Enquirer: 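This is the structure I have questions about; it appears just below.
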Amino acid sequence: MVRATSTPRPRLGVVKLASCDGCQLMLLNLEDALLSVAERIDIVEFPEATSHRSSGPYDVVLVEGAVSTPEQLETIHAVRREAKVLVTIGACATAGGIQAMRNWANHDAFRAAVYAHPEYVESLATAQPVSDYVKVDGELRGCPINGDQLLEFVTALLTGRRANLPDEAVCAACKRAGRVCVMVSQGIPCLGPVTMTGCGALCPGFDRGCYGCFGPREQANAASLGRQFVAMGEAPAEAGRLFAGFTGYAPPFRDVITEFGGAPGVPAGHAPSPASTGTPSGGK
Amino acid sequence: MTSSAVTTVIAEPRSGTGFLPRAEFQHLIDLLAEDGRTVIGPTVSDGAIVYGEVRAVTDLPVGVGAEQSPGRYRLVDHHDARYFAYAVGPTSWKRFVFPPTLELAQSHRDEQGHVSFGPVRHEIPKMAFLGVRACELAALGIEDRVLLGGPYTDEDFRRRRDNALIVAVQCAEPGGTCFCTSMGTGPGVRGGHDVLLVELADGFLVSSGSEEGAAIVARLGLADATADQVVEGSDQLVAARDRIGDPVVTAGLHDRLLAKLDSPRWAEIAERCLACTNCTAACPTCFCTSVSQRSDLDGHTAVTERRWDFCFTKGFSAVALGGNFRPRVQDRYRQWLTHKFATWIDQFGTSGCVGCGRCITWCPVGIDVREELNLIAPPPVLGTEAQAAAARAPRTSVFHVDAVRPETHDTVTLTLSTPDGMDWSRLHGEFVMVSAPAIGSIPISISRRLPTGMELTVRAVGPASTFVTGLERGAEVGLSAPLGHGWPVEAAHDHDVVIVGGGMGFPPLRPVVDEILAHRASFGDVHVYHGARTPGDLLYKEELAAWASRGDLEVGVTVDRADATWLGRVGVVTQLFDHARWDGTKAIAFVCGPERMIQATVSTLAARGITQDRIFISMERHMECGVGLCGHCQMGPFFVCKDGPVFSLAQLGDVFGREGI
Amino acid sequence: MTTEAPTFERSFRVEGITRVEGEGSLHLTVRDGEVTDARLRIFEAPRYFEQLVVGRHPDQVLDIVARICGICPEAYQMSAAGAFEAIFGVTVDPQVRALRRLLYAGEYIESHALHVYLLHAPDFLGYASAIDLAKDHRTVVEQGLALKKVGNELMAVVGGRSIHPVNVRVGGLYHVPSRDELLAMRPALVTALEQAKATLDFVAQFQAPPFERPVRLVSLRHPDEYPLFAGRLVSHDGTIDVPIGDWRTVFREEHHEGSNALHARTHAGETYQLGPSARVTIAAQQLHPVAGEALARTGLADQIARNPFWSIAARGVELVHYCAEAIDIIDAYRRPAAPFVPWTPKAGAAGWGSEAPRGTCWHHWETDERGYVTRAQIVPPTSQNQGQIEADLRGFAPSVLELEHAEATRRLEQLIRSYDPCISCATHFLDVTIDRS
Amino acid sequence: MPETEGSTARTEHDAEFVALLNATWFGANLPPEAQVRLVGLARRYQAPAGTTLLTEGQLANEIGIVLSGRVSLRTLVPEQGWVTILTVEPGDIFGQSALVPPYRSTSTVVALQPVDVLALDGPGLRAALAADHDLAAVLYPRVLQALARRLNATRLQMLDLFAR
C-alpha cells in the first residue's frame, strides 16, 4: 500500500582522504546496529572493514577527510562521478579539519620543517573541505561524527525521510541536559554558542569549554563571541586560537582567526587571509 | 525605588506563624519524603546553585550564595549557616513540570500499511519543590495560563503541576540581575504556595498557603513565632525590595515597545546576540517546543518526542522549501523581546516576564533586557483574566485513503474517511495535521468536507508531503483534529463574495465555494479567481469549468506563464479583477496564497472598495503542534495555528506584511 | 604474464591494503624464488601535526594530537601529557592516574576487539570481512562487537566519548566521574572478562602460518604495573634498558636509502618489533594473574615471542588483562578531591612514551617559558614497526610462492595485519617511492 | 500592422467610434475634443483567432484597443519556444511601443480568439500629442496607468510566487 518498501539495498561506499580514520570507525562503533545495518545496506567499498572493493557506482558514498594532495583531488572527482548521493562525514571533510590550519602558513616552510626530503612529499598548498571541489549532498559534522547522528542518517536513508540533524547551538542541547554554563559560571571560554550541536554538549558536561568540533552553526556570530573572550581577559591571538581547531577553516571561524590571530606558524597579529587553491578542476 | 504600579498584597507571615529552629530543618525534609515525595531543591553543583534532589540538609547550599551580573555568575561563601541566601540560579522549575524532552506518542506502521498511534502516559512522581521564590511562583502561574488556559491543554504539564507541593522561601538575597519589583512579581510571595518559609538567622518562620500545606505545618508541631521574629522577617523583605529598586519602567511598556518594531536598536543587538538560546532556555516561562520522530531502521515503529525549542534558531521559523519568516537574528531577538513583554499580554492577559534576571545572567555576552527595554521603549498593567476552558488534547485518528486523484504532476487530492463514523463535515477547523510514523507531521488544509471525512490536496515538496502524496488507495494515515479557525463563510451571507486563490492557496478555499453553492441563495454575486504558475499547475480544472457553466458565479482563471498552446489568460491573479465591474463596497473577500500574492491582492481589493474588516486571508507559518502549544507559528500576538490561519486584515493590523515577524 | 620471461619474476601488489587503519600498499618483487624488494608504501596524506602544534597551549595540544589517530587517540594524549608533566614537574594524583589507566584500558579493549574480530580473525578463517564472517558465525562476531562496545563505553564514561575523548589535560583530567558512574560499568566488565577469556581460547585454536624468526621485541616495562605510560624502555633480550625519555639514545629516525621513508631503527640500523607480542613477552610478570593464567593455558607464550602471526593471541591476553584491571580499578576507586593538579609553566624539553595497542608511541616536546610548544617530535608505533614488517615480508614470502597468487597475496596481507598497522598515525611517516617499472 | 484579409471595415461614423471608445477602460470619459481627435486617427478591424497582429522587433504603427476577444503578448525563448507573457483583455491596449522610440514592438501579438480592435495610427497620434498639449495631458496618464499595471504584474510574475 505504501510505496517503496521493497527497493533493492542501497549500495554504500566509504572513502577516505586526509583524516584520522575516526569517523569511519564510528560506523564500526555502531556495535548494536552494525549487523542489522549491513543486512539492509550493501557496503560495497569500505577498505577499513572489508577486503571487497568497488569503485562504484554508489547510491551513497560517505567521504571522510580533507582534500590535501593531488591524488585526493583526482579521487574526489572520480567518487563524485560514481555517487548518486555524496555525504561528507566529519570535520576534515566538511570543514578541512585540523590540517586546514596550515592554510594560513607558508606551505613550503611547513613541509620542510617536518620532512627531511620535502621534495618527495606531494601535497597541495592547502587542505580544504570536499565542498570546495565537488557538490556535496549532505554532511555529518563532528570530530568525530556522532554515532547517534550516523544511525539517524542511516535510518532516514532506509525509511526515505530527511535525517533529523538539528543545526542549533550546542547551548540548546547543553541547557536541555541541565548543564550549567561554564562560560558564565566559571569564566571558561566556550565555543558552544556558535557551534552546531550533535555531540550532546559533551565538553561542558566535562567541566570544560566546547572546542567547536562540530563547526559553526547556522549564522554563527563568531566575531561577537571572540570579542567576549577578549573582554574576559584573553589576548586576541589566544581568543583566535580557540577557534583555530578542527573546524577553524569554516568561514565564520576562519574570519575570526584572520582578524584576531592564532593560526599556527603565523606570528600573532600578522595573520593574513588563508591561502586558497581556488577550484582547479571544474569547481563545485 | 519601589514605585511599581501594582499594589501588592504580600503574604507575610502573621502572628500564629510557627517557628522552625534551624537544627530541626531536616524534620521538614523527612516529612515531605515520608509522604512519598521526591524533594527537589537547591544544591551546589558544577559551580552554581541548581535544583536537584535533596535528601538531607547537607545537600542544601549551606552558607553559599552567588554574585550575578550580566553574563557572569560566581558562587560566594557567606560564612554563615543560611540555606537559602542566594538569588535564583540557572535551573527553573519549568524543568520539572515541563521536561526538556518528553516522549509523546508511539506510532506503528506494518508491512500492509496499517498505522496505529498511541499516546504515552508517563508515571509522574509525587514531588515537593523546596525553595520556590516569588518570581518563580509567578512563572508557574504564567505557565498555567499558557499551557492550561486555552482550548487545548498540556495534560502532562497539568499532572506534573498537580503532583508538586510547593514550599516557597521568601527572598532575602536578591541578585544583581533581579527586577521582579518592576514586573510586579516579587520579592514577596503573594500566593500559589502550599508552605511559606522565611529564613531567619537561627531558624524559619513557617506558614501555609493551602490546606495541604496547613496539614504539613500542623505535623511539624511548631511553637508560635515571636513578634520580633516576624519583624525580622518583614525587615528582610523590605531590604530585599530596596536592593532591587525598580530598574525597568513598565508603565505603558506594551504600547511603547510595539511602537518600536522598526527601531535601529534591533540590528545593534544582533551584532552582539549569539542567538545561542541560553536566555530562552533559562527563562522560566518560555514554553516553545518541537517534535521529532525516532524510528527503527525499517521505519515501522516510531516514537514522537517533544523537546524544548527556541525561537532564536533559524529552523524554528522555517517553512517548506527553504522559506523563513524570521531569517535574521534581529528578527528573532525582536520576536522574543516583544513577545515576552508585549504580545504575551495580548495573548494570555499577563506579561511573559517575571523579572527573575536569568536571561541577563546566563547570556554569554551579557545582553541586559533591562537596559534594552529602557533603550528601545517601556510597560504594563497586568491583565488578570483567567481563561477557563475545557481540557482538550489533540487526538490522532487513523484515516483510510479511499481515493487518490492526481491534480498536477506534483499534486494530488486524497479522499480520506474515518472508520469511527464521526460526521467530520460538522466539525469546524481549517486544517489537519497529517502524521506519518517515522516521517513526521505536516499541516494540510482541508480542501473539501465530506460527511465521512474530507479531501486533502497536497503538493509534494518535502519528505513528509512526498510521503503523503505517495499514499495509495487503501493506505492508512494519522490525522489530528480539524484544527484552527476557518473561513467565516456565514459572515458573507447577503454579501457579494470574492474568492482569490493563488497556487496551493486555492485548495483551502474550495470548501468555501462548496458552502456557497450549497446555500447559493444566501449570497449575492460570487466571483472565484484562481491563479497558477502554468496551465499545468491549475487545480480542479473540471470543477472550475463546471462552476463557470452554472451561470450563477463568475470564474476567472489565469496563469503566470504559458506556451503558445494555452488560449486562456496570462498575467497575475489581480489582473482578473482590477478592471472588474463589480462593486466592492458590498463584498466580502477570502484570499489565500503566498504572502506576497496576498499583499498584491488585498491592495487591489482595497482599491475596489473592500474594507480591511471584510478581507479575510490565510497565513502560512511554521506549524509544529497545530494547537498553540509549541510556539513556532507565533506572529505578533497570534498563534497562526490556533488563532488562525484565517484572519481578517483588520485583525492583523500592521503585523501583516511586516518583515521578519 | 611473466611466465615466458627468461628469469621467473613474480610481483605482488596490493594497491590498497584493506582492514588496516589508514591507507597503504604493498609492493613485493620476487626473482628466482628470492625476494628482491619488499616495500610497504604509505599513501596517507601528510598532515603536518608537528607544525600545527607549535605556538599552542599544552592543553590544546592534547586535543590536537588525539586527531593523529582515531583508533588510538589516548596513546597520543598520554605520551604528550607525560612529556608536559615531566617538563613542568607535575605528579598526577594517584586516583586520577588510575582513571587515566581506566580510560586507556577502554581503548585497549576497543582496539583489540576491533582488530581480533573485525580485522584479523577473517584472515585466519578465510573471509573477506567480519560482515561476511557474520553470515556463517554470527555469534562470534556479536561477541566481538559486545567486547568492543564495553571498551567504547568505558572510554565514554571516563573520557566523554570513545573516539577523541575530551577529558585529558596536563596535570590530570578535566572531570572525574562519580563512583556510581564507574560502578555502573562493572557488570558489563565482568561479562567482558569472560568473553575476553573465551576470545583467547578461540583464537588459540587458529592455525598460524609456521613462520618463526629471531626478532628484537621492545616495549615499556614497569615493576608494579603492566606497561602503559610509565616505566623504562627495554628489549626482551636485555640489550636495551633506558629511561622512558631516552628513546633517542637507542633509536633514531632514519632516512633509508632506496625507500625514502623515515623508519625508526636502532642506531646500529637494526629493526625491532613493538606491540602486544613484545609487551606480553617483556612484561609477563606484570600481567594480571587472571591474564597470566589464561596465557599459560594456551601454551603459546614462546610462539608469541617468535611468530608475528600469533600477535592475535597476545591481543587476547591483553583483552583479559585490561578487563580484569578495569574491574580492580573500579573496585578501588574513591573520587578524588580535585580532577587535576595546577601547574606552573616553564621552558624545558622532555621525551615520553606510552604503549599504544600497537606499540610504543614516543614523543619529544619543547616548551617556552609560558609553557607553549616550540618544537615537537612524534614517533608513532607503526613507523617503528615498518622496518620489521618489511623484513618479515622478505622472510615469509618464499614460503607462499607455491600458492595461487590471490591466496599468496592474502597471506602477505595477513602478515601485515599481524602488526595492526595504524597508517593514519603517519604524522611524518611517509614512503613516497613509487616503483613505476 | 496586419494586412489581414477583410480586416478593414472602417466606418464613416465618428459617433459610433466615440461610443466604442467609451465602452473601453482606456477611452472612457475623455473630454469630447480628445475623443474627436482620436476618432480621426482610428480604424476598426476584426481578425480571426491565430492572426499575428504585431511582430516583435518590427515597427509598431498602431496602438490597438481590444474591443472584444483576447490577444496574447508572446516572446520567443530559446529552447522553450513561444512563451506567453501576458494576455490583453477587452478594454485594454497593446502596441503602445508606437509611442516610444524606436517604435518597434517589444513582443509578438497574436489573437487567441476572434478579435475586434480599434486601432489608432501611431505616427498620426505622435504628431497630434506633440501639437495638442490638451490631448497629451489627458491621454498620457492613461498610457502610464496601463504601463504601470503591466510593470507591477510583471514584477509579481518574476517572483514566481507559486513555485514555492
Side-chain angles (χ1 to χ4, degrees), chain B residues 318-325 408 410-411 459 461-462 501-506 530-539 556-581 592-601 603-604 607 620, chain D residues 23-28 48-52 56 65-66 69-94 107-115 142 145-164:
Chain B
V319 294
L321 288 170
N324 201 311
F325 289 95
T408 74
D410 61 359
T411 304
R459 181 171 161 206
V461 294
M504 285 304 292
F506 193 47
H530 175 34
R533 189 172 186 232
T534 69
D537 293 314
L538 283 167
L539 299 168
V557 169
T558 185
V559 298
D560 271 356
R561 62 203 61 195
D563 65 14
T565 62
W566 170 249
L567 299 179
R569 295 190 64 156
V570 177
V572 295
V573 71
T574 53
Q575 288 180 318
L576 288 170
F577 53 89
D578 62 356
H579 286 310
R581 297 183 184 281
C592 187
E595 196 158 320
R596 190 67 188 76
M597 180 219 102
I598 295 177
Q599 286 176 329
T601 302
S603 62
T604 307
E620 179 194 21
Chain D
T24 70
W25 158 85
F26 183 76
T51 310
T52 299
E56 184 175 347
I65 306 171
V66 179
R70 171 177 300 152
V71 302
S72 66
L73 311 185
R74 295 177 178 176
T75 189
L76 190 61
V77 181
E79 294 177 35
Q80 285 185 39
W82 286 104
V83 172
T84 302
I85 302 158
L86 197 68
T87 53
V88 179
E89 306 292 323
D92 214 340
I93 62 171
F94 63 91
S107 59
T108 294
V109 183
V110 178
L112 291 180
Q113 296 169 351
V115 289
R142 301 279 170 111
Q145 202 180 336
L147 288 176
R149 278 179 53 221
R150 208 161 284 183
L151 182 64
N152 195 35
T154 306
R155 193 162 55 198
L156 287 169
Q157 281 170 292
M158 265 177 60
L159 291 174
D160 201 11
L161 294 168
F162 302 137
R164 285 198 42 221

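So you know, we letter chains A, B, ... as the sequences are listed, proteins then strands, and number each from 1. Just so we're clear, the structure is a prediction, and the values are computed from it rather than from any experiment.
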Enquirer: Picking from B/G571, B/G531, B/G503, B/A562, which has the most non-hydrogen pairs under 4.5 angstrom with chain D?
Expert: B/A562

Enquirer: Please identify each residue that fulfils side-chain hydrogen bond (donor to acceptor under 3.5 Å, both in side chains) with B/T604, with sequence neighbours left out.
Expert: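 Counting only residues at least two positions away or on another chain, B/T604 forms no side-chain hydrogen bond (donor to acceptor under 3.5 Å, both in side chains).
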
Enquirer: For D/L156, run the side-chain contact (heavy atoms from CB on, under 4.5 Å) check against B/M597, B/Q575, B/R596 and tell me which one passes.
Expert: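 The option that passes is B/R596.
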
Enquirer: Where does D/L159 contact chain B at under 4.5 Å (heavy atoms): side chain, backbone, both or neither?
Expert: side chain

Enquirer: Output the option from B/L567, B/V573, B/T574 having the highest count of non-hydrogen pairs under 4.5 Å with chain D.
Expert: B/L567

Enquirer: With a 4.5 angstrom heavy-atom cut-off, is it the side chain or the backbone of D/I85 that approaches chain B, or both, or neither?
Expert: backbone

Enquirer: Just by modelled atom types, is the B/G501 backbone N or O under 3.5 Å from a matching donor or acceptor in the B/H530 side chain?
Expert: yes

Enquirer: If I take atom CZ from residue B/R459 and atom CG from residue B/D537, how far apart are they, to the nearest 0.5 angstrom?
Expert: 7.0 Å

